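Below: one structure, written as structure tokens.
Naming convention: chains lettered A, B, ... in sequence-line order (proteins, then strands); numbering from 1 in each chain. Treat the numbers as computed from the prediction; the structure is a model and nothing was measured.
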2 protein chains.
Amino acid sequence: MSSETTPPARGRGRPRRADADEQILDAALSMLRDGGYRQLSLDEVARRAGTAKSSIYRRWPSKAALAAEIVRRETPLPESSDLDSSVRAFESLLNGALGGVMASLIGEAQESAETRTIVIALIEPYRQLVRRFADDETTNGLLGALLFRRLLSG
Amino acid sequence: MSSETTPPARGRGRPRRADADEQILDAALSMLRDGGYRQLSLDEVARRAGTAKSSIYRRWPSKAALAAEIVRRETPLPESSDLDSSVRAFESLLNGALGGVMASLIGEAQESAETRTIVIALIEPYRQLVRRFADDETTNGLLGALLFRRLLSG
């Protein structure tokens, strides 16, 4: 009970900032799952993670950057040894649990050059996966067909 | 100079409301050309067209609906007698003078069901044009490849 008591060790050697980052990511993931990208609010993420908004901005410069990292973590790039499974990886990105977030990010990318850069970086590994088995034109057609259906089907 | 002088005939038999509509469309087109969809403001369109904002809403329920009508008027569906020219019609829609407006509308459609309906209706005739020469899967691939490049290229 002395005021000199040292605080309990936090996560045994895990840096404090990494803890905060995980709490931010957890809070944001939960918000994305519940209400999609539109409902994601960095003020609310900070509140739930018990951190300052500046701690979020220290690592993620924007809401889009934070959402993109979550999509990346939650949709790990699969091993793929053929064209079909490579195309299906992109399909999972667009139509999986966070597919709505992807669509929102692609939407925002049409008005924000910064978000566009983030989205292109997010999609690029999937494009490269397919690109190993097909030329550029075919790759665009295969991925584009999925995009067309996701973004524009009634 | 008598107060009984009748006002001059407006456009000889052209209804007054049609005149106002044309002025609204002209003002909006000019704004879209100058600053794209993001800069389009219905307040400013009303000011330039010398009309009330309610006159815009009487005919177009939203900014997206007004922009879509302008895209439709400025990008008339071409005659097309083969697959190639049909695909190029869609390419012109995406990459022509108002292609940026199209991209913005597709972007907004990811967050607004109403805009989604408008965009689907705008694109549908182009899809049908291609669809005459190819099955659904191929059509999606051909149009999607253009969409992929337009929305997601670096």
Exercise for the section: Against chain A, label B:Arg150 side chain, backbone, both or neither, depending on which of its atoms sit under 4.5 Å from a heavy atom there. Expected result: backbone

Handout entry: Residue among B:Gly144, B:Ala121, B:Ser104 with most heavy-atom pairs under 4.5 Å to chain A
Key = B:Gly144

Handout entry: Contact winner vs chain A - B:Leu105, B:Thr117, B:Leu143, B:Val119, heavy-atom pairs under 4.5 Å
Key = B:Leu143

Handout entry: Inter-residue atom distance B:Gln110.CD - A:Gln110.CD, 0.5 Å rounding
Key = 9.0 Å

Fill in the blank from the handout: Counting heavy-atom pairs under 4.5 angstrom with chain B, the leader among A:Thr138, A:Leu147, A:Leu151 is A:Leu151

Handout entry: Distance in Å, B:Arg116 CZ paired with A:Ser153 OG, rounded so as to fall on 0.5 Å steps
Key = 5.5 Å

Completion exercise
When rounded to the nearest 0.5 Å, the distance separating CD1 of A:Ile123 from CG of B:Leu152 is 4.5 Å

Completion exercise
If one checks every heavy atom of B:Ala103 against chain A at 4.5 Å, the contacting part turns out to be both

Handout entry: Same cluster (ILVMFWY, side-chain, under 4.5 Å), A:Ile118 and A:Ile24
Key = no

Practice task
Pick whichever of A:Gly107, A:Ala113, A:Gly100, A:Ala109 has the most heavy-atom pairs under 4.5 Å with chain B.
Solution key: A:Gly107

Practice task
Take B:Arg149 and A:Glu137 through the test side-chain contact (heavy atoms from CB on, under 4.5 Å) and record every step on the way to the result.
Solution key: CA-CA 10 Å; B:Arg149 210 173 299 128; A:Glu137 196 60 24; 3.4 Å; yes

Exercise for the section: Taking the side chain as every heavy atom from C-beta outward, state whether B:Glu111 and A:Tyr37 have any atom pair closer than 4.5 Å. Expected result: yes

Problem - Partner of A:Phe148 under side-chain contact (heavy atoms from CB on, under 4.5 Å), chosen from B:Leu142, B:Asn140, B:Thr139 - result: B:Asn140

